[in-house]
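A short worksheet on the structure shown next.
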Amino acid sequence: MGGTFHYLNPGTIHWGEGCVATLDAELSRVGAARVFLVTTGSIARNGAIAAAIEGAIGARLAGTTAAIGQHAPVREVAEAARQAREARADALVSAGGGSPVDAAKAVAWSLAAGVDLDQPDALAKSRSVRLSGKPVLPHFAVPTTLSVAELSGSAGFSAEASKEKVGVAAPELVPKAVFYDAALAVHTPVPLWLSTGIRAVDHAVETLLAEGEHPLPDASAIEALRLLAKGLRAAKTEPSSRAARTECQLGAWLSYLLPGPAAKGLSHTLGKRIGSRHGIPHGVTSCLLLPHVMRHLASRRPEPLKRIAAALGAVPATPASAAAAVQGLIAELGLPQHIAAFGLSRDDLVEAVRPVAGRDGSAEELLAIMNAAY
């Protein structure tokens, strides 16, 4: 055994009811005077959430966009960057799910790189731009779902014409601090909360299934599975429970100590192929695909799957019972399980798997996963 581990998550995580109040101190620590807020219409319309966040920002608030939609369409992200530039922002705050969090990271990249993301050659330029040494706006994330976009330096958004999920990434884009505040999260609709919770389960599972040795992320992922299985059930039973919401948030945090390999796992890869193109939220794609991906990998990764089964209380703890435990949790939470419900055809599935066939399976094998989920 042996290896090297690089901690790639934000250096500061605040959690617990009311912790967003510490955003004031974090902004002061970096000397922020002009803060630009990146959020969604649903967050902006929620008086309790908006008041708590804007209250912590205070007189520093220099501008806001509440126009970020699902999968962060590139046009909306580019417009947010232009607004932040015009506001002369010296810090960013994101609030909401993965889309506004990713949008804020993309805004920081755009401003530092001097590249407008909605220009035809933006992605080509992104492959050669390095942010090292460039002034990157500090970003503070206030997530209200369990998608954990706030825990990495990758920023995904959807292309204008193809609707494909694309993005930029750099270590400098990792948020300076994250605020897991259950008093805000309790306002998130239960179906959205639960489906993004399965996304966090997906992160934990794909951490454990990732190649190589990663003892700290593995131990964290096992605890994440325990917390999420308990917390998601409690949140469904009692949506107003702030303790249940905090337990879920802690589980989501612990699910993602290996952000690169986890986000490149097979469930994530296939989910991205059907998500933004067909308007399916990423949390839902995990509900649709994860159990079937686990069955596909049963013979290749039996030992990690046994650990997953044990963490979820499956007896006996086998690769098959791991997949069954995840599928049972999805069913118990009342979440979607069939791709067909979202209007995709069998031809859409063939098109989805073609570009990603290879390391994790042939096109025929990946299509079998999709068909099992259909």
Side-chain angles (χ1 to χ4, degrees), residues 8-14 20 22-40 43-44 50 53-68 72-119 122-123 125-126 128-144 148-157 166-179 259:
L8 299 176
N9 296 142
T12 301
I13 307 287
H14 300 276
V20 76
T22 60
L23 174 58
D24 178 20
E26 292 287 355
L27 291 169
S28 295
R29 188 170 292 117
V30 299
R34 299 186 62 81
V35 174
F36 189 79
L37 174 61
V38 180
T39 189
T40 65
I43 295 294
I53 295 172
E54 291 176 6
I57 297 172
R60 306 179 186 90
L61 186 61
T64 300
T65 179
I68 305 300
V74 67
R75 182 188 302 175
E76 297 169 6
V77 176
E79 178 59 27
R82 284 188 280 270
Q83 292 176 15
R85 185 185 300 114
E86 290 169 3
R88 296 179 288 114
D90 59 10
L92 301 170
V93 171
S94 61
S99 293
V101 175
D102 272 356
K105 288 185 280 186
V107 166
W109 184 92
S110 175
L111 296 178
V115 176
D116 291 332
L117 287 169
D118 57 353
Q119 297 305 305
L123 289 179
K125 289 181 178 178
S126 75
S128 61
V129 171
R130 296 292 178 268
L131 297 187
S132 179
K134 297 180 182 293
V136 179
L137 295 187
H139 170 201
F140 302 88
V142 186
T144 58
V148 298
E150 66 278 358
L151 295 182
S152 82
S154 298
F157 45 88
V166 293
V168 294
E172 294 84 358
L173 300 182
V174 175
K176 294 294 184 185
V178 175
F179 305 81

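Throughout, residue positions are numbered sequentially from 1 according to the sequence presented. Side chains included, hydrogens not; waters and symmetry mates left out as well; all remaining heavy atoms used.
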Pairs touching residues 91-104 that satisfy salt bridge (charged side-chain N to carboxylate O under 4.0 Å, His left out), sequence neighbours left out: Asp102-Lys105
Separation between CD of Gln83 and CG of Leu37, rounded to the nearest 0.5 Å: 11.5 Å
Side chains of Ile43 and Thr144 in contact at under 4.5 Å (non-hydrogen atoms): yes
Value rounded to 0.5 Å, distance of CG in Leu23 from CG in Leu27: 4.0 Å
Side chain to side chain contact (heavy atoms under 4.5 Å, CB included) against Ala62, all qualifying residues, sequence neighbours excluded: Arg34, Ala87
Nearest-0.5 Å distance, OG1 of residue Thr65 to CG of residue Leu92: 11.5 Å
Donor-acceptor contact below 3.5 Å, side chain Ser94 vs main chain Pro100: no
Presence of salt bridge, Arg60 and Asp24, under 4.0 angstrom: yes
Using distance only, find each side-chain donor-acceptor pair of residues 148-157 under 3.5 Å and give its atom names and separation, not counting sequence neighbours.
from   : atom 1 : to     : atom 2 : distance (Å)
Glu150 : OE2    : Tyr180 : OH     : 2.6
Ser152 : OG     : Ser154 : N      : 3.2

Heavy-atom closest contact (Val38 atom, Ala103 atom, distance): CG1-CB, 4.1 Å
Sub-4.5 Å side-chain heavy-atom contact between Arg29 and Lys176: no
Residues that Pro73 engages under side chain to side chain contact (heavy atoms under 4.5 Å, CB included), provided they are two or more places apart: Glu76, Ser158
Side-chain donor-acceptor contacts of residues 130-137 below 3.5 Å, not counting sequence neighbours, with atom names and distances?
from   : atom 1 : to     : atom 2 : distance (Å)
Arg130 : NH1    : Arg127 : O      : 3.3

Least distance between heavy atoms, Ala80 atom then Phe36 atom: O-CE2, 3.8 Å
Side chain to side chain contact (heavy atoms under 4.5 Å, CB included) evaluation trace for Ile53 with Val93: CA-CA 9 Å; Ile53 295 172; Val93 171; 4.3 Å; yes
Exam field: side chain Asp118 to backbone Ala78, donor-acceptor pair closer than 3.5 Å: no
All ring-ring contact (aromatic ring centres under 6.0 Å, His included) counterparts of Phe140, not counting sequence neighbours: none
Pair Leu61-Glu54, side chain to side chain contact (heavy atoms under 4.5 Å, CB included): steps then yes or no: CA-CA 7 Å; Leu61 186 61; Glu54 291 176 6; 4.1 Å; yes
Under-4.0 Å salt bridge between Asp116 and Arg85: yes
Contact summary for Ala72 and Val77, nearest pair of heavy atoms: O-CG2, 3.8 Å
Flag side-chain contact, heavy atom, 4.5 Å: Arg75 against Leu117: no
Nearest heavy-atom neighbours spanning Leu111 and Ala84: CD1-CB, 4.0 Å
From Leu173 atom CG to Trp109 atom CH2, the distance as rounded to the nearest 0.5 Å: 9.0 Å
